[in-house]
Protein chains: 2
Amino acid sequence: MDHPNRCENCIVRKFNSLRAMSKEELKAVSDSKVTKQVKKGEMIFDEGEKLNGVYCVRGGVSKLSKLSPNGKDQIVKLASKGEVLGQRSVIAEESSNLSATAINDMEVCFIPKEIIVSTLHKNPDFTYEVLRHMAHDLKEADDVIVNMSQKSVKQRIAEALLYMKTHFGEDKEGYLALVLSREDIANVVGTATESCIRILSEFRKEKLIRTTGKRMAILEERKLQDLVDGF
Amino acid sequence: MDHPNRCENCIVRKFNSLRAMSKEELKAVSDSKVTKQVKKGEMIFDEGEKLNGVYCVRGGVSKLSKLSPNGKDQIVKLASKGEVLGQRSVIAEESSNLSATAINDMEVCFIPKEIIVSTLHKNPDFTYEVLRHMAHDLKEADDVIVNMSQKSVKQRIAEALLYMKTHFGEDKEGYLALVLSREDIANVVGTATESCIRILSEFRKEKLIRTTGKRMAILEERKLQDLVDGF
DNA sequence: TAAAAAAGGTGACAAGTGTCATATTTCATC
DNA sequence: GATGAAATATGACACTTGTCACCTTTTTTA
């Protein structure tokens, strides 16, 4: 039973609420889960879809976004290793309010909702753990609301770059490990792609960042932070 | 034991997660709760404050807001009868990320966190109920993010008016039951007070609304909705 | 009730941002 | 390695929105 592909042995679990599951519950999850490879650009689930379970991210990064009436895709959250997608919809028994798309190649485990829901009813520790995670997500969402409404596009882009550095790190050459297209960055901060490109060009000219193709490196973290804080 | 001021008999409870509590738990809550009168403009708790419990709203309306670095107050949510304030912070064991201020005279019940937390550990139904509420709040927050970043100020104000009508209703004369200052409306939609006043004046000139002092009535719900949807 | 303070209202102007048009570069695929 | 498609880049311009200045009306307080 020490197969590396068993949830009991999956390191990723340490980061999410599944760590509060008992051995038996975890075994049941492992027996019914399906591991999937998702290629860059592929959609894991779409807005409005009824989800039959949740997706536990083993590797890669996913964007959670919502299509606005004007045709633009607002990215609400970036999810990586250890995060569980679709939890909210399964718990509220509603169709998904967001779509999930792979930003790079991903490995995710699909876990049927029956197991999640029954564990929620039987194991209060697990429910409490899920609740704590959701409380955290809600706080982050509040922060995003304030940033969106009170900060300029330039400040939001600076913040997004710093976020990418602290949450996804850098490679050996100092480039941000998470590579996002200009369009995706624009969709994270809620602006037009052209505005995003323009401001990144500005940052480059001011030597706050450097770029090679779509790879970007932060040169002046301090100055970017000052910008975010309004000088 | 049929005192009207006992939680067991409180109608408000029907609307929130406390309905999942057992008779005994509810009795304990009732014995330790403190009912407070909060006057218009008074703060219930402030951003950054450590909360020793939650506040159950019996009457009146509260704004939950967050001060942005530029000195503006972003209203994230309006809470009325039945809603529980401070839940998120108590569950995550963090200081509050928002402040709560009375928009009109309020009556709230303070419930010490110990009772909430211990019930969360003992009663899975209650935990699940709280979880479902928080899942709903999170969805609403996602929607706010998309609105903030993708809609114009005019659209957001139109939406805020419609929201006030559907959530708080109208009085006999057709005026919105919830009376907000122009500044508060501006803080809900994340714009400057002057811009808000200007757009409301515009709506008035176009006969979409009518105003008497700070009381406002919606005349053309359909047209406002069309505006929100981008014609 | 008068005076002071707060809220509502409007104009003028500047700054920020979105849109459209059009190059240019990079990337994927044969 | 060539070729077409997608992504990046930049200019021009209009529109939206914020800021400041000032005035009027309403509300609060002495």
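Naming convention: chains lettered A, B, ... in sequence-line order (proteins, then strands); numbering from 1 in each chain. Since the model is a prediction, treat every value here as computed from it, not as a measurement.
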Could you give the CG-to-C1' distance, from Leu200(A) to dA9(D), as a whole number of Å? 11 Å

CE of Met148(B) versus P of dT17(D): gap in Å, rounded? 13 Å

Salt bridge check, Asp137(A) against Lys77(A): does any charged N sit closer than 4.0 Å to a carboxylate O? yes

Outermost contacting nts on DNA chain C, any atom under 4.0 Å from chain B heavy atoms, listed 5' then 3', are dG8(C) to dA12(C)

Could you check how far CD1 of Ile197(B) sits from C1' of dG18(D), rounded to whole Å? 13 Å

Please give, in whole Å, the distance from dT8(D) C1' to Ile199(A) CD1? 15 Å

If you pin Thr191(A) and Lys214(B) to their nearest nucleotides in DNA chain C, which one's is more 5'? Lys214(B)

Can Asp184(B) and Lys63(B) be counted as an ion pair, charged N to O under 4.0 angstrom? yes

Are the side chain of Arg156(B) and the backbone of Gly190(B) linked by a donor-acceptor contact shorter than 3.5 Å? yes

Heavy-atom count around Lys223(B) NZ within 6.0 Å, excluding the residue itself: above 12? no

Does a salt bridge link Asp171(B) with Arg215(B), judged by any charged N lying under 4.0 Å from a carboxylate O? yes

Between Met216(A) (CE) and dA7(D) (P), how many Å, whole number? 15 Å

Atom CD of Glu202(A) and atom C1' of dT10(D): how far apart are they, to the nearest Å? 13 Å

How long is the line joining CZ of Arg198(B) and C1' of dC22(D), in whole Å? 13 Å

Thinking salt bridges, do Lys165(B) and Glu170(B) make one under a 4.0 Å N-O criterion? yes

Map Val153(A) and Thr212(A) onto DNA chain C by nearest heavy atom, then report which one ends up closer to the 5' terminus. Val153(A)

I'd like to know if Lys139(A) and Asp143(A) make a salt bridge, using a cut-off of under 4.0 Å between side-chain N and carboxylate O. no

Are OP1 or OP2 of dT16(D) and a side-chain N or O of Ser195(B) less than 4.0 angstrom apart? no

Sugar-phosphate only, base, or nothing, as touched by Thr193(B) at under 4.0 Å among non-hydrogen atoms: nothing

Given atom CZ of Arg215(B) and atom C1' of dT25(D), what is their separation to the nearest angstrom? 17 Å

Looking across every strand, which nucleic acid part, if any, lies under 4.0 Å from Arg156(A) by heavy atom: base, sugar-phosphate, or nothing? nothing

